[in-house]
Amino acid sequence: MSVMLDGKEGMEYMVMGNEAIVRGALEAGLKVASGYPGTPSSEIIERLSDVAKDAGIYVEWSVNEKVAAEVAAAASFAQLRSLASMKQVGVNVASDFLLHLAITGTRGGMVLVTCEDPAAHSSSNEGDSRGYARMMEFPLLEPGDFQEAKDMTKWAFEFSEEIGNLVMVRSVTRLSHASGNVKFGPLPRTEAQAEYRFSGAFLDPVAGPMISTGFGHRIQQEKLKKVREIFEDSPFNTYQGPDEPELLIITCSVGNLYCKEAIKALGIEDRVGLLKMGTTWPLPPNLIKKYLLMTDEILIIEEILPFLEDNVKVLAAEMVQEIGAKKFYGKHAGQIPSFGELSADLVIQSLADLLDLGYETVAQEYTDKASAAAFARAPQRELTFCPGCPHRASFWAIHNALELDGRQGFVCGDIGCYSLAALPTGFSTAKTGHAMGSGAGVASGFAKLRQFGMDQPVLAVCGDSTFFHAAIPALVNAVHHQADFTLIVLDNSGTAMTGFQSHPGLNINAMKDEVPALDIPAICQAMGARVEVRDPFDLEETQKTLNELMEYTEGTKVLVLKQACALSPEKKRVKSYNMQINEENCIGQDCGCNRLCTRIFRCPGLIWDEVKKVARIDEVICAGCGVCADICPAGAIVREEA
Amino acid sequence: MENGKLSKDPYNLIITGVGGQGNVLASRILGNMMVRQGCHVTIGETFGATQRGGSVMSNLRISEISAWSPQIPKGQADMIVALEPTEAIRLLGKYGHPEIKVLTNTRAIHSVGVIAGELKYPSLNEIKEPLQELTGEVWLVDATEEAMKLGNPILSNTIMLGALAGTGVIPMQRDHFKEVMSETMGQDRLEINLKAYDLGAELIKH
Ligand code: SF4
Ligand code: SF4
């Protein structure tokens, strides 16, 4: 049973923002959904795939975001309603196709959901993809709470059909991954017939071929004119407050919730007005004018870049004759930073400053004392690979191989759990880190610097999902140009960082059907790379192989390290070994680098017993992988088949 | 609300712990229980890379009147439920005030810095001391130990929820716990979870 499908019309449920988006899409009669996993967007395709069969829809985890957009577009071309979902960095990948899609337009309602990560909680950047809506010229909607996330998504499909163009719905972490009450609407029961019509005239939007051409730009701009008109009366733009406020706040997305909370906290309901924009691009000029006329002081509150702020200012400049000069506060004037997340605290502070209100909830003395206690008693928690993680073993072998080699070799890192290889948990082996697949691409570049005297060995890593997403073209490039480096594919059988979504290397898809799995070593071999496959838990063999590959200077080499993620469904809470410490043998200070297991290897399943001066296994945390038994030079860590 | 009132509106509750402890699930169960009480609940949480051994926190805003933002403002938490004791201390500077209440599991999870010997993990007494000094009321339970006696350390979260019910700070109902759990799991696991919930409530009474 899934509340997404079984949730009843008119009832309220507590759901995540991403689930609200899913329900909205289902209420709109969605037929096809595609995406590539990425926090905070993953639950959208995940929940849809849970109900795919019962709802009679097609759902897939595409190989990357560009392909996801293409798959969803095909459905739209065939007059079905479709959705593509991704995180902010994915929009960059998809943008190549989306730019052209904006020109050909769409047929069945098509929605692009982008879930962004202000403060980069689980991202390598906190990019703001709203700029793409303006650049690619398609409309942008930003829900301001959980209910709206559902209602707006539903409406976005109808709207897309009305204007014949893609519609972008943008969420952020504090909406996507937050939960709140949502009142459900009815689910339609529709039979869909897919048909792609292409026999009409070349530019016929209903029956012609979908081909992106230079002529399309004029039509695209005409569509936007219509969008502006529709947005003028949108119920997603709301105002709360007095008719003549001292200060007008204009906000969007979760800024709405923080502003409401700040206004209540300060008790300034009679002094400030709150204009919440749901349709943030293109802005409806008449509506903006109406509210700008209310007051001369305006504060714009939004997350990351001053997107709304800049667009409002352009309109204000155009209308200056009618509305007079305005004073704007926000990011440019320094009240709100252009990075990181918003919070009620930030909004409270900027409002209190602007309106000259004192605001303090807790005595400074208490806060100081509590912060001091935290500093003294709550040791920092660094991110680390999980207990039993194959990456810890892989990077241990990689680190040791590089040390043994001694020529200042390094790893070009990539995007996945193994990005942590830049930290002590991965023995600080990764020295570059950018986009999906960039490890292999950057390494192939380094490897071509031999003629300029670079003699450091170059390694690159990527995960199995990343391999298919974007490492393949980089590897093609490397093999073709005979770039001498070793790509290490850390194959843990799933897209582990985002929660085990399927990818082409597995024999199961998003709909849980059995499908052909693509064989990574065979693909690399077919490309002409020298390929080896090892088990990273076999530390000795892995290290030996790596050292051999680093010695071998001809062309591109691939080492596939295959071992399932410790959190994978088949491994979670199943121990291969029961671990024990033989206290007699543990030599602590005298072993290798002084407590090799805990000071250097650092698996959280190991604890150092300060009193007895021996290592200990934490049986609640240890995953029973058995690797640490091979680390200990004294044979003090003993494994026994579980 | 039919079944007991909130002592404050919104009631701001934080569930905190370490990545991998099941924090998110515990907060969703509690959130769903409170929705069944007729409340508006907003839960703010972050997960993703934060699962990998870092501190994890869920903000629950429980209200009889309206929805609130997903982040509790500074100094405004009413209750902290900590699945790991030092995590409770960590939050007091930002969210605490002299009347805040804390319920914590006493089982330590050592961070990598501690495992590596670069940082020191405090003794139970060193943990108790600031908690007692900086809060209105503290409950300490050895939920993990009790969970292992029931056969599975993961049950410690359910024990903590039961203990939270036992403190009586918010109106929680055992029937609602049962309803919410039975929607997500089979009969066999439901039984043991109910047992853990009751055990948690018992631990507070003594
Ligand atoms: S268990 Fe082995 S590696 Fe760890 S401290 Fe003891 S002797 Fe050293
Ligand atoms: S067996 Fe050793 S390395 Fe593996 S999880 Fe347990 S403590 Fe960590």
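Chain naming here is simple, since letters A, B, ... match the order of the sequence lines and numbering starts at 1 in each. Being a predicted model, the structure only gives us computed values, none of them experimental.
- A distance-only check finds no donor-acceptor pair linking the side chain of Asp145(A) to the backbone of Ala67(B) [under 3.5 Å].
- Using a 4.5 Å cut-off on side-chain heavy atoms (C-beta onward), Gln380(A) and Leu119(B) make contact.
- Using a 4.5 Å cut-off between heavy atoms, Ile154(B) contacts chain A through its side chain alone, with no backbone atom that close.
- Chain A forms more heavy-atom pairs under 4.5 Å with one residue of Ser27(B), Pro98(B), Gly75(B) than with any other, namely Pro98(B).
- With a threshold of 4.5 angstrom between heavy atoms, Asp618(A) approaches chain B through side-chain atoms but not through N, CA, C or O.
- Chosen from His97(B), Glu87(B), Gln76(B), the residue pairing most often with chain A at heavy-atom distances under 4.5 Å is His97(B).
- The pair Glu19(A)-Arg28(B) meets the salt-bridge criterion, since a charged nitrogen lies less than 4.0 angstrom from a carboxylate oxygen.
- For Lys120(B), the part sitting under 4.5 Å from any heavy atom of chain A is the backbone (N, CA, C, O) and nothing else.
- Only the side chain of Ile621(A) has a heavy atom closer than 4.5 Å to any heavy atom of chain B.
- Under a cut-off of 6.0 angstrom, the local environment of NZ in Lys575(A) is crowded, with over 12 non-hydrogen atoms contributed by other residues, nucleotides or ligands.
- When all heavy atoms are compared, the tightest approach of Leu383(A) to Val112(B) is O-CG2, 4.4 Å.
- Nearest approach of Ala116(B) to Arg599(A), heavy atoms of both residues: O-CG, 3.1 Å.
- Annotation: side chain of Phe146(A) is in contact with side chain of Thr42(B) (closest heavy-atom distance under 4.5 Å).
- Ranked by non-hydrogen atom pairs under 4.5 Å with chain A, the options Pro70(B), Ser58(B), Gly113(B), Ala147(B) are led by Pro70(B).
- Within the 4.5 Å cutoff, no side-chain heavy atoms of Arg90(B) are placed close to those of Arg377(A).
- Heavy-atom distances place both the backbone and the side chain of Val41(B) under 4.5 Å from chain A.
- Of the atoms belonging to Phe375(A), not a single heavy atom falls under 4.5 Å from chain B.
- A cation-pi arrangement is present between Lys264(A) and Trp68(B), with the terminal nitrogen or guanidinium carbon under 6.0 Å from the aromatic centre and inside a 45° cone about the axis.
- Interface remark: of the candidates His110(B), Glu126(B), Met148(B), Glu126(B) forms the most heavy-atom pairs closer than 4.5 Å to chain A.
- Checked by atom type and distance alone, the side chain of Gln71(B) pairs as donor or acceptor with a backbone atom of Leu342(A) at under 3.5 Å.
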Next on the checklist: Test side chain to side chain contact (heavy atoms under 4.5 Å, CB included) on Glu261(A) and Arg61(B); report intermediate values, then the result.
Outcome noted: CA-CA 12 Å; Glu261(A) 174 137 17; Arg61(B) 324 276 320 261; 2.7 Å; yes
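- Of the possible donor and acceptor atoms, none in the side chain of Asp345(A) sits under 3.5 Å from a partner among the backbone N and O of Pro73(B).
- With a 4.5 Å cut-off on non-hydrogen atoms, Ile62(B) does not touch chain A at all.
- For Ile115(B) against Cys603(A), the heavy-atom pair with the smallest separation is CD1-O, 3.9 Å.
- Atom CD of Glu365(A) sits in a sparse spot, with 12 or fewer heavy atoms from other residues, nucleotides or ligands closer than 6.0 Å.
- Residues Thr86(B) and Pro379(A) are in side-chain contact: their nearest non-hydrogen atoms beyond the backbone lie under 4.5 Å apart.
- A salt bridge links Glu118(B) and Arg602(A); the closest N-O separation between the charged side-chain nitrogens and carboxylate oxygens is under 4.0 Å.
- Contact check on Glu84(B) versus Arg381(A) returns a salt bridge, with a Lys/Arg side-chain nitrogen under 4.0 Å from an Asp/Glu carboxylate oxygen.
- Both the backbone and the side chain of Ala373(A) come within contact range of chain B, with heavy atoms under 4.5 Å apart.
- Side-chain polar atoms of Glu610(A) and Tyr121(B) form no donor-acceptor pair below 3.5 angstrom.
- Within a 6.0 Å radius of NZ in Lys613(A), other residues, nucleotides and ligands contribute more than 12 heavy atoms.
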Item to check | Step-by-step side chain to side chain contact (heavy atoms under 4.5 Å, CB included) determination, Ile43(B) to Met14(A) | outcome: CA-CA 9 Å; Ile43(B) 305 181; Met14(A) 193 194 67; 3.7 Å; yes
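- For chain B, the nearby part of Thr361(A) is the side chain; its heavy atoms alone come within less than 4.5 Å.
- Although no hydrogens or angles enter the test, the distance criterion places a donor-acceptor pair under 3.5 Å between the side chain of Tyr366(A) and the main chain of Leu134(B).
- Closest heavy-atom contact between Gly96(B) and Val362(A): O-CG2, 3.6 Å.
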